[in-house]
Chemist: 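Quick one: the structure is below, questions incoming.
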Amino acid sequence: MSDFELLEPGAPWGAAAGGADPLLDGLNPAQERAVTARGPALLIVAGAGSGKTRVLTHRIAQLIRDREAWPSQILAITFTNKAAAEMRERMEALLGSGVEGMWVSTFHSACVRILRRESERFGYVSGFTIYDSADSRALLKRIIKELDADSYGFTPANAGGKISRLKNELTSVDGYRATMNESDPRERLFVEIFSMYEQELRRANAFDFDDLIGQTVHLFRSHPDVAAVYQRRFRHILVDEYQDTNHAQYSLIRELTRPVEPEQIERLVPPVRDRELDASGRIPAASLTVVGDSDQSIYAFRGADIRNIVEFERDFPGAEVVKLEQNYRSTQNILSAANAVIGNNFDRQEKNLFTTAGDGAKIVGFTGYSQHDEARFVAEEIEDLHREGVAYGDIAVFYRTNSQTRALEELLIRSAIPYRVLGGTKFYERAEIKDAMAYLTSIANPFDPIAWSRMLGAPKRGIGPMAEAHLANFQEAQGISFHDAMLRAAEVPALGPKLRATVLELGGLLARAARMAAGGGATDDSAEAAAPAPVGEVLKLILDETEMIEKLRARRDPQDDARAENLEELLAVAREFDAKQPGAGLVAFLTEVSLVAAADDLDDSSGTVSLMTMHTAKGLEFKAVFITGVEEGLLPHQMSVEEVGGISEERRLMYVGITRARERLYLTLASTRATFGDVSVAMPSRFLQEIPEGLIDWRQSPGEVTSRGGTASRALNAPRGSGFGGAGSGGSGSRARDSAVSFSGGGGRGSGAAAVAEPASGNMQSALDKWRERKRLAKEAQAAGGGFPNLIGGGVRDNGELELGPGDRIRHEEYGDGRVTGVSGSGSKRIAHVVFDSVGERKLLVKLAPISKVEG
DNA sequence: CATACGTAAGTTTTT
DNA sequence: CTTACGTATG
């Protein structure tokens, strides 16, 4: 085993180096204990930013360095693939060599790996497809239609949700049938759907997401000899984010940490040596380390069970618990806010994060009139931060729901701020990408009806539902693959000569591509026994032969151009995969694509602002963080308000968001929010009131902004009563900047009119200026067609041809007049640098900014 | 069988 | 305001 080479003599450090262990250098006592503790089980309660990744990597490094374990005996479970890659990298840096054989991966990746090795044992083939939620829904749609279950209120979404929940609880069809209410016809129908769904998955040689975990557990339970292989191999199992494990994942860990009984031992290969055994003749259970923080449990909706961590000591007798409470990430102000918010959850263990980093800047609060106003503030602040020297890559914008990205993106584009949206409508969810991927999936798994059916229809080639049904019937009757069925299209009488030719041609293409992908067998026209072709080449063949890209380009919809580009991007991704993992093969590529998580897209070196949901943000950190939409109904989300424990979970989400920030934290909201057509009133989130007043510097407090969203003048005269208690309404820390005006002192709540009527406590002149400014903005917004002070006019602007050069005077709808100092970039990405008379320097995307040239 | 157009419905968070 | 789905038309 090459593992021995890890410990080269003369390595810069080592256990024998004398004096302090470099792996413990700079750790606090709790962290040190978490690294050095040995025993059957260890729970590391790691508050946000307490250095748990460091502890985890150092712990593993120590195990390997001191020869307590080979890398191949370690299984480390992380929450995302990116975290896994990072951990592996840090480990290699610590040990100064590779860590081949060590499994560092997500639950899902680890399980796929096991299933691919062992799938034959229960009737699957190694090339099985992994169905994403869309595929599952497609399958359920057919089933529900076939059973006429929609008249009972079943939809692919609700049935899929219920099945997913059951699978996370490891409940099988039979298990559910045994406990259900027999007299409820709806229940019986559901069992029918569930049962058919499982049957179809099996026929399709496919697993859904939840199966990956559940079937692995099932495999271990039904095949103790298989389980023994992994129980013996993994001597140290480490699980990160343990608070978000569900029952299936918990059970998997349980299975893996069982001792190997004597009756399994003799069959193990390579033979078990005596020193692997304990006194009772068993291979002792693996040592388990879990890291988690129950305050950061935010995945209850997908079955995460907080009890897994709360009851850890009961589950694993002899467990040691180490608490990490010192925070190395955030300033005291940020931590105080986080502690204050989470302190309102009643059912938690008392825990207080502290830091020695100092107070730092105050948290900045801002209330916009609309989400556009809010987004504008975010964009401006990002520009200011950037001017201060904060890199774009150190800034993140969080939100509760993906739909909030729209307004933010619009403003970021116009401000020429480079940004990236993580998650959301992901690349691999785009129709054209799924179309192309369907070919690859079908090649890897010719029994997959979902991929096959998608492939038939894209691009359009005259094969419709009828032809598909005939072929599918033939396939089923013959018990052959879809590909073979296509090659025998001549035996399907219902197909006309034209269709038959089309089907045969497509079948031929698939056969050719499949031979390429499989390699090995010499084909009739080439004598050499080829190695499996790179994925990129297979995909290239598909794209060329189907002319998917050309067909898109031939249309004149500009959206189709973007789709064509996406396909080219996919080809680049495939080639990159080939270069990175030569010879890994098609199935490996498909697996990787299936299991990418939203946060995996994050590229630290990209130099862009990152936009993401607060769920995606878990485990990440940024120098500056904006939490947007801090409103009742959004955060906490309306849906969660009625759920039991919903508010607590939302509060944890807020806590996770706050604790991502290292130095600067912004909390923003809007007083009105547009959904669909109309505008609804938004009230400040209850979580805002839980943050001590003195921690927040309100640039514009909720009290200053009407909840009625009329014109600006009405806004100023409207009564305050937005339902917001005293907590933030008295922003005292007004900075001398354009949008910062404090109208009232801290106790000014309840006075009928804001601003103009009560300028005494503020600065009369600035209040009046502000009022004029708002009025002007409101007028402009109305002229632009909005019924309320939507500060951005509707419609897509295109200044494409606008010629600008240094010295030109321009007028901006929002910032007023200014002078161009320079233009950079080219084409649609031309950026004008403008010094505005009112707000100073701004960078604007010429194509989209609301500007016009002023005759000079 | 494909396209074009109309209408209805729907927005929590994700591996 | 979008997206998905159904219907009428080529």
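Below, chains carry the letters A, B, ... as their sequence lines are ordered, and counting in each starts from 1.
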Chemist: I'd like the P distance from B:dT13 over to C:dA4, given in whole Å.
Modeler: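 Per the computed distance, 15 Å lies between those P atoms.
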Chemist: So is A:Arg302 actually on top of A:Tyr299's ring, under 6.0 Å and inside 45° of the axis?
Modeler: yes
Chemist: Grab the CZ-P distance between A:Phe398 and B:dT12 for me, whole Å please.
Modeler: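 To the nearest whole Å, that distance equals 21 Å.
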Chemist: For A:Tyr299, which contact category applies under a 4.0 Å heavy-atom criterion: base, sugar-phosphate, or nothing?
Modeler: sugar-phosphate
Chemist: Under a 3.5 Å distance rule, please check whether A:Asn168 uses its side chain to pair with a backbone N or O of A:Ile163 as donor and acceptor.
Modeler: no
Chemist: What is the distance, to the nearest angstrom, from the CZ atom on A:Arg137 to the C1' atom on C:dT3?
Modeler: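 Nearest whole value for this atom pair: 12 Å.
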Chemist: Among B:dT14, C:dC5, B:dT15, which nucleotide has an atom closest to any side-chain atom of A:Lys141?
Modeler: C:dC5
Chemist: When you measure from the side chain of A:Thr401, which nucleotide among C:dC5, B:dT13, B:dC1 comes out closest?
Modeler: B:dT13
Chemist: Do the side-chain N or O atoms of A:Ser594 get closer than 4.0 angstrom to the phosphate oxygens (OP1, OP2) of B:dT15?
Modeler: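 For B:dT15, OP1/OP2 do not have a side-chain N/O of A:Ser594 under 4.0 Å.
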Chemist: Going by distance alone, is a donor N or O of one side chain under 3.5 Å from an acceptor N or O of the other, for A:Tyr131 and A:Asp448?
Modeler: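 Looking only at side-chain atoms, A:Asp448 and A:Tyr131 do form a donor-acceptor pair, the distance falling under 3.5 Å.
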Chemist: Atom NZ of A:Lys167 to atom P of B:dT14: distance rounded to whole Å?
Modeler: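 The answer, rounded to whole Å, is 21 Å.
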Chemist: If you measure only the distance, is there a donor-acceptor pair under 3.5 Å linking the side chains of A:Asn246 and A:Asp305?
Modeler: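 Checked: A:Asn246/A:Asp305 side chains show no N/O donor-acceptor pair below 3.5 Å.
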Chemist: Among B:dT14, B:dT12, B:dT3, which is the nearest nucleotide to the side chain of A:Lys460?
Modeler: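 Taking heavy atoms from C-beta onward, the closest nucleotide is B:dT3.
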Chemist: Using a cut-off of 4.0 Å on non-hydrogen atoms, how would the nucleic acid contact of A:Lys498 be classed: base, sugar-phosphate, or nothing?
Modeler: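 Result for A:Lys498 = nothing.
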Chemist: Could you tell me if A:Asp208 and A:Tyr197 have a donor-acceptor pair between their side chains, going purely by distance under 3.5 Å?
Modeler: yes
Chemist: Return the 5'-most residue of the pair A:Phe209, A:His637 with respect to DNA chain B, ranking by each residue's nearest nucleotide.
Modeler: A:His637
Chemist: When you compare the ring of A:Phe301 with the six-membered ring of B:dT12's base, are the centres less than 5.5 Å apart and the planes under 30° from each other?
Modeler: no
Chemist: Taking atom P of B:dT12 as reference, at what distance in whole Å does atom CG of A:Leu634 sit?
Modeler: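 After rounding, the reported distance stands at 11 Å.
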Chemist: From B:dT15, B:dT12, B:dC1, pick the nucleotide closest to the side chain of A:Met639?
Modeler: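 For the A:Met639 side chain, the nearest candidate turns out to be B:dT12.
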Chemist: To the nearest angstrom, how far is A:Leu499 atom CG from B:dC1 atom C1'?
Modeler: 9 Å
Chemist: Using whole Å, what does the distance between atom P of nucleotide B:dT15 and atom CD1 of A:Ile213 come to?
Modeler: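 One finds 13 Å between P of B:dT15 and CD1 of A:Ile213, rounded.
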Chemist: What does A:Met466 touch in the nucleic acid at a heavy-atom separation under 4.0 angstrom: a base, only the sugar-phosphate, or nothing?
Modeler: sugar-phosphate
Chemist: Identify, with sequence neighbours excluded, every residue that meets ring pair (Phe, Tyr, Trp, His ring centres under 6.0 Å) alongside A:Phe107.
Modeler: none
Chemist: In whole Å, what is the span from the CD1 atom of A:Ile298 to the P atom of B:dT14?
Modeler: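 About 9 Å, once rounded to whole Å.
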Chemist: From CD1 of A:Ile130 over to C1' of B:dT14, roughly how many Å is that when rounded to an integer?
Modeler: 16 Å
Chemist: Whether A:Thr613 contacts B:dT14 is assessed here as follows: a side-chain N or O lying under 4.0 Å from the phosphate OP1 or OP2. Is that the case?
Modeler: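 For A:Thr613, the contact criterion (side-chain N or O under 4.0 Å from OP1 or OP2 of B:dT14) is met.
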Chemist: Kindly indicate whether the side chain of A:Arg400 and the base of B:dT13 share any N or O donor-acceptor pair separated by less than 3.5 Å?
Modeler: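 Yes, a donor-acceptor pair under 3.5 Å.
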Chemist: Taking only the side-chain nitrogens and oxygens of A:Asn402, find out if one of them lies under 4.0 Å from OP1 or OP2 of B:dT12.
Modeler: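 Answer is no, no contact under 4.0 Å.
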Chemist: With heavy atoms under 4.0 Å as the rule, sort A:Glu643 into base, sugar-phosphate or nothing.
Modeler: base
